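Working notes for the structure below.
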Amino acid sequence: MTTPLRIASWNVNSLRVRFEHVLRYLEQAQPDVLCLQETKVEDHKFPAEALAAAGYPHQLISGQKTYNGVAILSKHPLVDPQLGFTVPHPAGLDDEQRRMVAATVSGVRVFCCYVPMGTAPGHAKFTYKLQWLARLRGELNQLAATEPVLVCGDLNVALGELDTWDAVSTDGSILCHPHERMVLRKVMDWGLHDAFRALHPDERTYSWWDYRGGAYPRNRGFRIDYVLLSKPLLERCVASRTWADTRAWEPTASDHIPASVDLS
DNA sequence: ATGGTAGTAATACTA
């Protein structure tokens with residue numbers, strides 16, 4: 001018997017604004033690994049020393065000015081770090097958007113993803129979203145689903161009826177369009193399982209509430225932040241949860257809350 | 001009720 005490995009993911013919507021919240025969450029949840037999205041900070045401004053002092057000396061960061069930005073913080077060494085996709089872009093284009101990093105931690109290949117939101121179905125950014133997810137599937141195709149693989153992050157898709165505050169009124173709109181659901185399913189068809197849904201098949205839980213329209217006080221949320229596990233990791237998964245209290249933290253919290261798994 | 005709020009950075013742009 002050993003202590004489970006806790007791996008968490010959180011879209012913080014600016015690491016510099018949310019820095020105190022991140023420290024508070026690390027102290028409270030004590031994850032072994034925290035994957036961050038929307039850090040919105042260039043690498044040379046990343047608060048690396050302060051996070052190392054908080055117990056997370058192993059860091060993989062890929063940021064940019066203003067938008068996007070992802071990072072992995074870890075108590076344990078990060079092996080084979082990867083910045084973005086290794087599989088070339090299908091059209092030969094360079095994607096400047098910093099949306100994915102990956103590393104192996106305690107034998108687990110961890111992908112930290114910030115999937116494009118897509119603006120609205122039919123929009124050019126929606127096409128980019130679908131292509132980005134297809135490229136993620138291509139990346140996974142390089143690996144074997146019998147390996148311990150974890151894909152987490154803000155996936156910006158609400159997969160099912162329990163993952164949206166109102167399945168009828170949100171159906172077909174962004175986060176809930178059949179095309180994006182189908183493409184995320186194709187990613188998962190590689191051999192990934194939604195850890196939270198596997199352990200809580202009937203639980204209605206959200207991970208994101210829009211700042212606008214009083215969505216949080218009205219509980220108009222969506223579950224769009226996931227931890228996906230390959231089968232050998234699903235068999236080791238003893239807990240999967242979200243951390244809803246963070247959404248009410250002051251000052252203004254991220255519009256997303258963390259999601260985590262515990263692996264025996 | 002295609003609005004609303006938040007972050008970045010400088011009047012929009014993205015979410």
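Values below: all heavy atoms of this structure, side chains included; hydrogens, waters and symmetry mates excluded. Please read these numbers as outputs of a predicted model, since none were measured by experiment. Numbers restart at 1 for each chain; the letters A, B, ... are given by sequence-line order, proteins then strands.
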Which whole number of Å gives the distance between the C1' atom of B/dG7 and that of B/dT11?
14 Å
Measure from CD on A/Gln64 to C1' on B/dG7 and round the result to the nearest Å.
14 Å
Is it the case that the side chains of A/Gln37 and A/Arg98 hold a donor-acceptor pair, with the cut-off being a distance below 3.5 Å and no angle test?
no
Nearest to the side chain of A/Ser14 - B/dA15, B/dG7, B/dA9?
B/dG7
Pairwise C1' distance for B/dA6 and B/dA10, with rounding to whole Å:
16 Å
Spacing of the P atoms in B/dA9 and B/dG4 (rounded, Å)
24 Å
In this structure, how many angstroms lie between the C1' atom of B/dC13 and the CG atom of A/Asn68, rounded?
12 Å
Between A/Arg220 and B/dT5, does any side-chain N or O lie under 4.0 Å from OP1 or OP2?
no
In terms of relative ring orientation, are A/Trp209 and A/Tyr216 parallel, tilted or perpendicular, with 30° and 60° separating the classes?
perpendicular
Base, sugar-phosphate or nothing for A/Arg18? Non-hydrogen atoms, less than 4.0 Å.
sugar-phosphate
Rounding to an integer number of Å, can you tell me how far A/Trp132 CH2 sits from B/dA15 P?
13 Å
Among B/dA9, B/dA6, B/dG4, which nucleotide sits nearest the side chain of A/Lys65?
B/dA9
Between A/Met117 (CE) and B/dT5 (P), how many Å, whole number?
17 Å
For A/Ala253 and for A/Glu38, locate the closest nucleotide of DNA chain B by heavy-atom distance; then report the residue assigned to the nucleotide nearer the 5' terminus.
A/Ala253
Out of B/dG4, B/dA6, B/dT8, whichever nucleotide has its closest atom nearest the side chain of A/Thr252:
B/dA6
By the 4.0 Å heavy-atom rule, please label A/Tyr114 as base, sugar-phosphate, or nothing.
sugar-phosphate
Expressed in whole Å, how much space separates the C1' atoms belonging to B/dC13 and B/dA1?
24 Å
Between the CG atom in A/Asn156 and the CH2 atom in A/Trp132, the distance rounded to the nearest 0.5 Å is 10.0 Å
Just the rounded figure in Å: distance from P of B/dA6 to OH of A/Tyr67.
18 Å
Using 4.0 Å as the upper bound for N to carboxylate O, is an ion pair formed by A/Arg197 and A/Asp163?
yes
Hey, which sits more toward the 5' end of DNA chain B by its nearest nucleotide, A/Leu15 or A/Asp210?
A/Asp210
Please determine, for the side chain of A/Arg16, which listed nucleotide (B/dA6, B/dA9, B/dG7) has the closest atom?
B/dA9
Cation-pi, A/Trp249 ring and A/Arg24 (6.0 angstrom, 45 degrees)
yes
Is A/Arg247 touching bases, backbone alone, or none of the nucleic acid, heavy atoms closer than 4.0 Å?
nothing
